[in-house]
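Here's the structure, in C-alpha cells; my notes come after.
Values below: all heavy atoms of this structure, side chains included; hydrogens, waters and symmetry mates excluded. The chains referred to below are lettered A, B, ... by the order of the sequence lines, with proteins before strands, and numbering in each begins at 1.
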Number of protein chains: 2
Amino acid sequence: MPRPSQPLRPTTIKDVARELDLSVATVSRALTKPKLLRPETVARVRAAVEKLGYRPNLAAQNLKLGTTGIVYVIVPSLSPFFLEIFRGAERAAQEGGYSVVMGHTDRHPDREGEFFDQVSCGRADGVLLVSTAEAEAIVNHKRRLPPTVVVLEAVEGQIFPTVRVDHKKAAFEATNHLIELGHRRIAHITGPARSPMAIHRREGYLAALAAAGIRSGEGSCVPGEFTVASGEVAMASLLSRPKPPTAVFAANDEMAIGAIRVIKDRGLRVPQDVSVMGFDDQRIATIYDPPLSTVRLPTFDLGYSAMVKLRCILAKESYEMDVVLSTTLIQRATTAAPRIPDA
Amino acid sequence: MPRPSQPLRPTTIKDVARELDLSVATVSRALTKPKLLRPETVARVRAAVEKLGYRPNLAAQNLKLGTTGIVYVIVPSLSPFFLEIFRGAERAAQEGGYSVVMGHTDRHPDREGEFFDQVSCGRADGVLLVSTAEAEAIVNHKRRLPPTVVVLEAVEGQIFPTVRVDHKKAAFEATNHLIELGHRRIAHITGPARSPMAIHRREGYLAALAAAGIRSGEGSCVPGEFTVASGEVAMASLLSRPKPPTAVFAANDEMAIGAIRVIKDRGLRVPQDVSVMGFDDQRIATIYDPPLSTVRLPTFDLGYSAMVKLRCILAKESYEMDVVLSTTLIQRATTAAPRIPDA
DNA sequence: TTGTACGCGTTATCAT
DNA sequence: ATGATAACGCGTACAA
C-alpha cells in the first residue's frame, strides 16, 4: 500500500546512516567515492537511499565544498539572438556537469549589478557575461567576481577572457556587399548609441564607404534601438528625404524587418526599389517575406565556446585569452542591384 | 596561458565582527533586524561591511534558514511564447523578493526530471511548471516537490494549484470566426499528438465544426509540431488535395506562418484564396506580411498570476485553486470571406 | 574498510 | 543592547 505521507522533515544523511547502522561518513563516501568502500556496503547504501528518498542537501554541500556547480549567464535581453547564445552555453555547461542560470538585464546596469551581487554571494562558480551594457558597472564588481568570460564583444578597457566576433569587419562586409551590387546611396540604421556592438557595426559601415570612396554626404546614419518599431521610424525618416537611399544596412535583423515594413507600406518593393541588409541572421530572417539578406553570427558557438573556456578556467586548465569566431554573409532576397545605377 | 585573477578568500561575518570588536551575532542582527540594535551600532556595522566588501554567504543562509529565495520556472522550450510567460513570472517574483531560475526541457520528460531532482535537493522553495509534457513524469516526483503551481494547462489527473486558459474554448472561437466568415472547408494543423495543449485546441476545432453542422469529411486535421517547418509540410499536403480547404486554422502562430509561406509560394494569396488563422499572438503575428489573425493568450498575466499564487502558498496565505484567464480573438489580415462561398 | 569529530558561515536561543 | 553558543547537513582529516 502506497504511503502518500509527505515527510515534514526532508531525509538527511543521518537518517540513512541510522537506517543501516552505519556512520554518516560511510554513507557520504558510498555516494561520492564508492571506490573506497566494499561494493556490498555501497549497494546497501544505495538501496537505503532509494527507500528513504534521500537527496543530498545542495546548500550544505555548497557550504562545505565552497562550490556550487552553477554558472550564471547574463544577457542583455531575452531576444532570440541572445537565447541562441544561451543555448550554446547551456550545452557546454551540461557536458561539463554544470547547471546554468540565466539572468537578463533589460540593458539596465542596475540589474547587471544585482546579478553580480548574487554571484559574489557565492551563488555561482563562474559567470558568462554577454555584451555588458556599461563597462563601469562591471569594474566596481570585478574584485569580487568569480571567473568570468565575456561573450560577443570585449569589455572596453578591461581584460577578460573573451569569445567574440569582429563586428566591425562583419559590418564592413555587409556594406561592401551593397556597394558591389552597385549602390552608392547607402544608409545605416544604427543600434543604441551606447552599445559597443552598435558602435562597432557603425564603424564597419563607415569604413566600407570610405574604402569605396563614397562621399560621406551620400551615406548617412539614422539612430535605432535594435527593435522593429525603431527600424520603422528610421526608415520612414529616410524615405521622406529628397533623395532617399537605394539601400539600407540595418544594424540588426529586427530593424531591417521594420524598414521593410515601411518600404512596403509606401508601395515600394524590396529589393527592386530599396535593398535592405540585416545583421545577426535571426530565425525571422529566413521565414520573412521576402527572406532577409543578413550576416550570420555563430551565436550557438559563441555561447558554447565561451562556456568551454570557462570550464577550462574553473578546472585550472589552459585556454586562449581572446577567441574571435568568423561571420558569414548571407544573401537572400532583400538585396539586389539598384534599378537606376547612379555613378 | 593567462592566469585568472585568483579570488581572495571572501569576507565573512567573522571578519566584520573582528574589525569592529563585536560579536558575529550583533553583526548578523545589524544586517537582518536593525530595529533591535542601537542606531549607532547599526551604522558602524554598515560602514565596516562596505569597507570590507562583506556579502552574506547565501549557501550558509540557505542551510540555516532552510529556504533559498529561489523559484524554478520550468518551460518546455525557449520560444517567445513561453518567454513571455516567464517574464510575467519573473516580475511577480521580483516584487516578492524571490529570484527565478528558468529551466527548459525541450519537451523532454528526462530533462524535466533533472529539474525536479534539483529542486528536491533544496535548490528552490517552489516551482512554476509550465505545460508539462508528461503527466507521469511529475507523479513520480510529486512527493518530494516543493509547492508547485501549474501554468497554462492543468496536469491531467493531478491536483495542483493552476493558472490556465481554456484552450478548447479559444480554439472553438477561432474556428467559429472562420465559419462565420462563410468558410466550410476548414482544415486544422495540430500540435504534437501528446501535447495536452494541442489536444484541447483540436477538440475546440472539432466542437466548432460540429456545432455548425459541418460534416466531418469537410474538415480535417493534419499533424504538425508547433514549428514553421511542420506548418509548411502540413499546408503542402492540404494544397495537394483535390479539394483544398478555403481556410486553415493552425494550432499556433509558427505553423500558421509556415502555412502562409507555402500558400504564397504556390502563387496563391492570403486571405483571398486561403484564410489562415493562428493561435498565441506571438510578436511575429503583428509584424508578418500579412499580419496574422490569431488568438491572444494573456501570456504575461499567466506567468504573473501563477507566481503571485505561488507566493501566497509559500507565505501560507489563501489562494484560488484553479484560475482561468480569458483569451481574445484578434482579426488581422489573414482571414476573410471565401471568394466563392460554398453552401 | 569504517567510525569519530570538526568546521564551513549563518541565524536563533539563550544569557548577560 | 550585546555576547556566547548551538544548531543547520555535509565532507573529510585522522583514528581505529
Side-chain angles (χ1 to χ4, degrees), chain A residues 7-46 48-49 52-69 117-125 144, chain B residues 7-46 48-49 52-70 118-125 144:
Chain A
L8 235 70
R9 189 180 55 81
T11 324
T12 76
I13 199 170
K14 283 181 190 168
D15 300 322
V16 180
R18 197 176 309 116
E19 169 86 9
L20 297 171
D21 202 33
L22 286 174
S23 74
V24 292
T26 305
V27 176
S28 174
R29 278 189 285 251
L31 266 20
T32 58
K33 305 190 164 73
K35 294 160 281 182
L36 299 183
L37 267 51
R38 263 214 324 265
E40 185 211 322
T41 311
V42 174
R44 282 178 62 213
V45 170
R46 294 229 170 99
V49 163
L52 300 179
Y54 164 71
R55 302 285 177 191
N57 180 313
L58 289 179
Q61 270 187 350
N62 177 349
L63 181 59
K64 177 65 187 171
L65 300 174
T67 191
T68 62
D117 277 350
Q118 289 195 11
V119 297
S120 54
C121 289
R123 270 223 173 135
D125 298 342
R144 292 194 281 265
Chain B
L8 11 75
R9 188 182 66 82
T11 325
T12 77
I13 200 171
K14 284 182 190 167
D15 299 323
V16 180
R18 198 176 308 118
E19 169 86 9
L20 296 171
D21 202 32
L22 286 174
S23 76
V24 292
T26 305
V27 176
S28 176
R29 277 188 287 251
L31 267 19
T32 58
K33 305 182 165 81
K35 293 159 278 184
L36 298 183
L37 266 52
R38 261 214 327 264
E40 184 210 322
T41 312
V42 174
R44 283 177 60 213
V45 170
R46 293 232 171 97
V49 163
L52 300 179
Y54 164 73
R55 304 284 176 192
N57 181 313
L58 291 178
Q61 269 186 350
N62 176 349
L63 181 59
K64 177 66 186 171
L65 299 175
T67 191
T68 62
I70 291 179
Q118 290 194 12
V119 298
S120 55
C121 289
R123 272 226 171 133
D125 298 341
R144 292 194 279 266

Practice problem: Round to the nearest Å and state the distance from B:E40 atom CD to D:dA1 atom P. | Solution: 12 Å

Quiz item: How would nucleotides 6-13 of chain D be written as a contact map, 5' to 3', with B for base contact, S for sugar-phosphate-only contact and - for no contact, using protein heavy atoms under 4.0 Å?
Solution: -BBBBBBB

Exercise. Please report the shortest heavy-atom distance between B:A17 and B:S23, naming the atom on each side.
Key: CB-C, 3.8 Å

Quiz item: Hey, what do you get for OG (B:S120) to OH (A:Y54), rounding to the nearest 0.5 Å?
Solution: 12.0 Å

Quiz item: What closest approach, in Å, do B:L20 and B:R44 show between heavy atoms, and which atom pair accounts for it?
Solution: O-NH2, 3.1 Å

Quiz item: Between atom CG of B:N57 and atom NZ of B:K64, what is the distance when rounded to the nearest 0.5 Å?
Solution: 14.5 Å

Exercise. For B:D15, answer base if it contacts any base atom (sugar-phosphate contacts may also be present), sugar-phosphate if it contacts only those atoms, and nothing otherwise; contact means non-hydrogen atoms under 4.0 Å.
Key: nothing

Quiz item: How many Å lie between CG on A:L22 and P on D:dA16, as a whole number?
Solution: 20 Å

Quiz item: Quick one: does A:Q61's side chain get under 4.5 Å of B:C121's, heavy atoms only?
Solution: no

Quiz item: Taking only side-chain nitrogens and oxygens of A:T41, does any of them come within less than 4.0 Å of OP1 or OP2 of C:dT2?
Solution: yes

Exercise. Could you check how far CG of A:N62 sits from P of C:dT10, rounded to whole Å?
Key: 12 Å

Quiz item: Can you tell me how far C1' of D:dT2 sits from CG of B:L31, to the nearest Å?
Solution: 15 Å

Quiz prompt | Nearest-0.5 Å distance that lies between atom CG in B:N62 and atom CG in A:N62 | solution = 8.0 Å

Quiz item: Whole-Å distance between D:dG3 P and B:R18 CZ?
Solution: 14 Å

Quiz item: Between C:dA12 atom P and B:L36 atom CG, what is the distance in whole Å?
Solution: 10 Å

